[in-house]
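To start, the structure itself, in structure tokens.
Computed from heavy atoms alone, side chains included, the values below leave out hydrogens, waters and symmetry copies.
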Amino acid sequence: MKKYVLKKISTESKIDYKIDYEDKLNNAQLEAVTRQKGPMLVIAGAGSGKTRTLVYRAIRLIEDGINPENILLLTFTRKAAGEMLRRASRLLDDRCSNISGGTFHSFANMILRRYAKLIGFASNFSILDRKDAEDVIGLVRTNMGYHKSKERFPHKETISDIISKALNKDCPIEKVLKEGYPHFAQNSKDIKKIQKEYSSYKKNRSIMDYDDLLVYLEKLLSSNEEIRGKLSNFYRYIMIDEFQDTNKLQARIAYSLASNHKNIMVVGDDSQSIYSFRGANFKNIMDFPKKYKDARIIKLEQNYRSTQPILDFTNEIIRFAKESYRKTLYTKKEGEQKPVYIESQDDNYQSKFIVQRILELREEGVPLNDIAVLFRSSWHSMDLEIELMSHNIPFVKYGGLKFTEAAHIKDILAYLKVAYNPMDSVSWHRILLLIEGIGPQTAFNLIGGIVDDGRGIDYLKEGSYLNRKYSGDLEKLYSTLEMISGTKSPLPDKVKAVLGIYDPIMKEKYDDFNKRVNDVNSLEIIAQRYKELEDFLVDLTLEPLDERQTRTEPEDKDEDKLILSTIHSAKGLEWHTVFIISLIDGYIPSTYALFTAEEIEEERRLLYVAATRAKQNLYLVKPDIKSVGGNYYERTYQKLTEVSRFLSDGKILDDFVEKWALADE
């Protein structure tokens, strides 16, 4: 009898991928990109193509038929998320622009506005920036009578910092006080009372601060099983960038969102966890495999940035870490020059060496903006800045105020905030005090009628204020706010209306108003990108723009500028040549980080981050530094001469660097 064999016919259709993933990715990247289901931890070494991996995985999911809206990409800046999605769109198509992407805070803002009533807020709640939050705490502190305390009591900025750290580190206020403010340990009960009153104040006025966005989202997800399930079923594929920088709240939010499917990929580098002062929890990335026993761990170790001698040095630095995912960075990039180690007799000789070497590099064709000088603390570069200026070398120094923290910008935004949310008493207080003749008490009374009594902006026309010297200004304020809130006019027109009443105030209030005009013009230009006032206010509050640089800007704006930066500000960046200065024990690690083993280990990671910024040249400079101690009458000077302990480990200075000796001509 003849046999007729029944073959298995696959019901799966073969996908004709637009992208040749095997050609574009190395083996480790390819596994991370093509693995679709289940929890995954991607340990991405410095310069190993982390962003490339995230971008290609997003593309691959879409090519596999996943709805882009069901993919959630969480990053630490909107810029990073935007750039990834634009890059994905260029490589594939416009479907990538529909991926849900943003920061934890912007995502929280979106979800909380949708479900605001479930947490006791109005959907048009306002968001306090850091300074406004401090002002509210100051108001609460005063109303509770603590400003009259006979004993020293923490200022509003300190209280704000304590409350924020307790929330972000998910620890009791007592622990924050013990670690950072031991002299206020006896005030823990009072600070808790202020925290409770501060929380009530915000909720009663439909206001949140940055921390509230995470706190209330986490509460919503943990307390409402229906909403948690709904969101988890919608966001079926979750990717989180820089997981080593997340705090406990953010980790719990991520785990809740993945609760129904566990399709969560977190990407990061334990060796670059350097933001514990912001609440980042190193344990999140280390404990991910404990949370998900079946998690796949993939290590990206091929480096595309640095030469092998630089990587050999950085591998050796991190080899002595007490707790880490062991990895060895390697590269196919050519280069034989070892990192250069220099000892100088003082910080001025350090500066002179850097200036001379920078001038030589510029002659060799290396642009100034591809050279960076990195340091642990901002003040470590003071001598260098003077030396650079004396040689007319233009530079920018990263750090400092944000654009939206500038007083004149905060004033303008306050007008727009009260137009959007008339219950925003913080913004009302700010703009009312701008009017000549209105002091704190009058402002308090006005806010009572507008906000507490619920009469809104119409209260500005009350008879009791009509015959005052500032009545004309109140009428202008009323008509402007009525125009902004009551019309569908374009956002740029609303901003111009505010400037109509604010411009003379700015000229009267600030002696340097002419220097502030450019900032105001920039705000107008930014407003032209937006259609809705809500989006404009959310973006400028959640993602502040960097304030324009005012330090040593060259006349020619197109001229290259040397980069000076703290190591914290340099993370994620790269340069052809990097100088790491002041490599002295007490500077790195900082004397402020010698209390626990965890703090010292983070300082080691700081040095690792700094060294892995270099592509071609790495210079390590250790000067002898004069240190001042004692009180005003008993000044003592001592030399700090010990090299950073992280360079003393093993044979780092014997086998992994080339030593140069400085000599006068």
For this session: Determine whether the side chains of Q337 and E658 contain a donor N or O and an acceptor N or O closer than 3.5 Å.
Result: yes

Problem set entry | Shortest non-hydrogen contact between H105 and L213, atoms and distance | O-CD1, 4.0 Å

Problem set entry | Euclidean distance, L384 CG relative to K352 NZ, rounded to 0.5 Å | 11.5 Å

Exercise. What are the two closest heavy atoms between V373 and I354, and how far apart are they?
Worked result: CG2-CG2, 4.1 Å

Problem set entry | 4.5 Å side-chain heavy-atom contact, K333 and S306 | no

Exercise. What are the two closest heavy atoms between Y349 and D346, and how far apart are they?
Worked result: N-OD1, 2.8 Å

Exercise. Looking only at side chains, do Y237 and K37 share a donor and an acceptor under 3.5 Å apart?
Worked result: yes

For this session: Describe, in one word, how the ring planes of Y235 and F107 are oriented to each other, choosing from parallel (under 30°), tilted (30 to 60°) and perpendicular (over 60°).
Result: perpendicular

Exercise. With a 3.5 Å cut-off and no angle check, do the side chains of N617 and T577 form a donor-acceptor pair?
Worked result: yes

For this session: Salt-bridge test for E574 and R613: reply yes if a basic N is under 4.0 Å from a carboxylate O, no otherwise.
Result: no

Problem set entry | R357 and W660, any side-chain heavy atoms less than 4.5 Å apart | yes

Problem set entry | Atom CD of E334 with >12 non-hydrogen neighbours under 6.0 angstrom | no

Exercise. Under the 3.5 angstrom rule, does the side chain of T612 hit a backbone N or O of V609 as a donor-acceptor pair?
Worked result: yes

For this session: Is it possible for you to check whether R605 lies under 6.0 Å from the centre of the six-membered ring of Y608, through NZ or CZ, and within 45° of that ring's axis?
Result: no

Exercise. Is there a side-chain contact (heavy atoms from CB on, under 4.5 Å) between M84 and L73 once you walk through the steps?
Worked result: CA-CA 9 Å; M84 286 186 200; L73 172 62; 3.7 Å; yes

Exercise. On the ring face of Y210, is R130 found with NZ or CZ under 6.0 Å from the centre and within 45° of the axis?
Worked result: no

For this session: Taking atom types as modelled, find out whether N281 and N247 have a side-chain donor-acceptor pair closer than 3.5 angstrom.
Result: no

For this session: Return yes if a side-chain donor-acceptor contact under 3.5 Å exists between S324 and R326, otherwise no.
Result: yes

Exercise. Do you see a donor-acceptor pair shorter than 3.5 Å between the side chains of N263 and Q36?
Worked result: no

Exercise. What do the steps show when you test L562 against N369 for side-chain contact (heavy atoms from CB on, under 4.5 Å), and what is the final call?
Worked result: CA-CA 5 Å; L562 174 71; N369 61 7; over 6 Å; no

For this session: Go through the side-chain N and O atoms of Y17 and R60 and say whether any donor and acceptor fall under 3.5 Å apart.
Result: yes

Exercise. Judged by modelled atom types alone, do S351 and D347 share a side-chain donor-acceptor pair under 3.5 Å?
Worked result: no

For this session: Determine whether more than 12 heavy atoms belonging to other residues, nucleotides or ligands lie under 6.0 Å from atom NZ of K262.
Result: no

Problem set entry | Exercise: identify the closest heavy-atom pair between I66 and I71 | CG2-CG1, 3.9 Å

For this session: Please say which of I563, L361, V578 ends up in a side chain to side chain contact (heavy atoms under 4.5 Å, CB included) with I371.
Result: L361

Exercise. Using 4.0 Å as the upper bound for N to carboxylate O, is an ion pair formed by R319 and D649?
Worked result: no

Exercise. Do Y275 and E602 have side-chain heavy atoms sitting under 4.5 Å apart?
Worked result: no

Exercise. Can you tell me how far CG of L607 sits from CZ of R645, rounded to the nearest 0.5 angstrom?
Worked result: 12.5 Å

Seminar exercise, completed: For I581 and S381, the nearest pair of non-hydrogen atoms, with its separation, is CD1-CA, 4.4 Å

Exercise. Is there side-chain contact between K327 and D270, with heavy atoms separated by less than 4.5 Å?
Worked result: yes

Exercise. Is the number of heavy atoms from other residues, nucleotides or ligands within 6.0 Å of CG (D20) greater than 12?
Worked result: yes

For this session: Take R252 and D170 through the test salt bridge (Lys or Arg N to Asp or Glu O under 4.0 Å) and record every step on the way to the result.
Result: CA-CA 11 Å; R252 288 203 295 268; D170 194 26; 3.0 Å; yes

Problem set entry | Nearest-0.5 Å distance that lies between atom OG in S565 and atom CZ in F395 | 13.0 Å

Seminar exercise, completed: Separation between CG (L25) and CZ (R57), nearest 0.5 Å, reads 12.5 Å

Exercise. If every non-hydrogen atom of R35 is compared with every non-hydrogen atom of M40, which pair is closest and at what distance?
Worked result: O-CE, 3.6 Å

Exercise. Near E174 CD, under 6.0 Å, is it more than 12 heavy atoms from other residues, nucleotides or ligands?
Worked result: yes

For this session: Would you please test S232 and L257 for side-chain contact (heavy atoms from CB on, under 4.5 Å) and show each step?
Result: CA-CA 5 Å; S232 184; L257 291 171; 5.7 Å; no

For this session: In plain terms, say whether E316 and K651 are close enough for a salt bridge, that is, a side-chain N and a carboxylate O under 4.0 Å apart.
Result: no

Exercise. Rounded to the nearest 0.5 Å, how far apart are CG of L606 and CZ of R604?
Worked result: 12.0 Å

Exercise. Got a salt bridge between E598 and K322, using NZ or NE/NH1/NH2 to carboxylate O under 4.0 Å?
Worked result: no

For this session: Please step through side chain to side chain donor-acceptor pair (under 3.5 Å) for the pair Y304 and N26, ending with a clear verdict.
Result: CA-CA 11 Å; Y304 296 91; N26 63 39; 2.9 Å; yes

For this session: Check whether any side-chain heavy atom of F104 sits under 4.5 Å from a side-chain heavy atom of T246, and report yes or no.
Result: yes

Problem set entry | Any side-chain heavy-atom pair of F288 and V266 under 4.5 Å | yes

Problem set entry | Listed once per pair and sorted, the side-chain hydrogen bond (donor to acceptor under 3.5 Å, both in side chains) pairs that draw on residues 291-300, sequence neighbours left out | E31-R296

Problem set entry | Full working for side chain to side chain donor-acceptor pair (under 3.5 Å) between S256 and S259 | CA-CA 5 Å; S256 292; S259 58; over 6 Å; no

Problem set entry | Pair D161-Y181, side-chain donor/acceptor within less than 3.5 Å | yes

Problem set entry | Verdict with supporting geometry, E218 and K248, salt bridge (Lys or Arg N to Asp or Glu O under 4.0 Å) | CA-CA 10 Å; E218 197 274 333; K248 289 185 179 180; over 6 Å; no

Exercise. If we ignore angles and hydrogens, is there a donor and acceptor under 3.5 Å between the side chains of S644 and D585?
Worked result: no

Exercise. Would you say Y21 and Q29 make side-chain contact, with heavy atoms under 4.5 Å?
Worked result: no

Exercise. If you count the non-hydrogen atoms of other residues, nucleotides and ligands that lie under 6.0 Å from CD in E363, is the total more than 12?
Worked result: no

For this session: Could you tell me the separation between the CG atom of D312 and the CD1 atom of I652, rounded to the nearest 0.5 Å?
Result: 11.5 Å

For this session: Kindly indicate, with the supporting measurements, whether the criterion salt bridge (Lys or Arg N to Asp or Glu O under 4.0 Å) is fulfilled by K165 and E179.
Result: CA-CA 11 Å; K165 280 184 175 176; E179 292 179 353; over 6 Å; no

Problem set entry | Chi angles and distances behind the side-chain contact (heavy atoms from CB on, under 4.5 Å) call for V643, S648 | CA-CA 7 Å; V643 68; S648 299; 3.4 Å; yes

Exercise. Can you check whether Y619 and F579 have ring centres sitting under 6.0 Å from each other?
Worked result: yes

Exercise. Between N315 and T328, do the side chains contain an N or O donor and an N or O acceptor separated by less than 3.5 Å?
Worked result: no

Exercise. Is the shortest heavy-atom distance from the side chain of V340 to the side chain of V657 under 4.5 Å?
Worked result: no

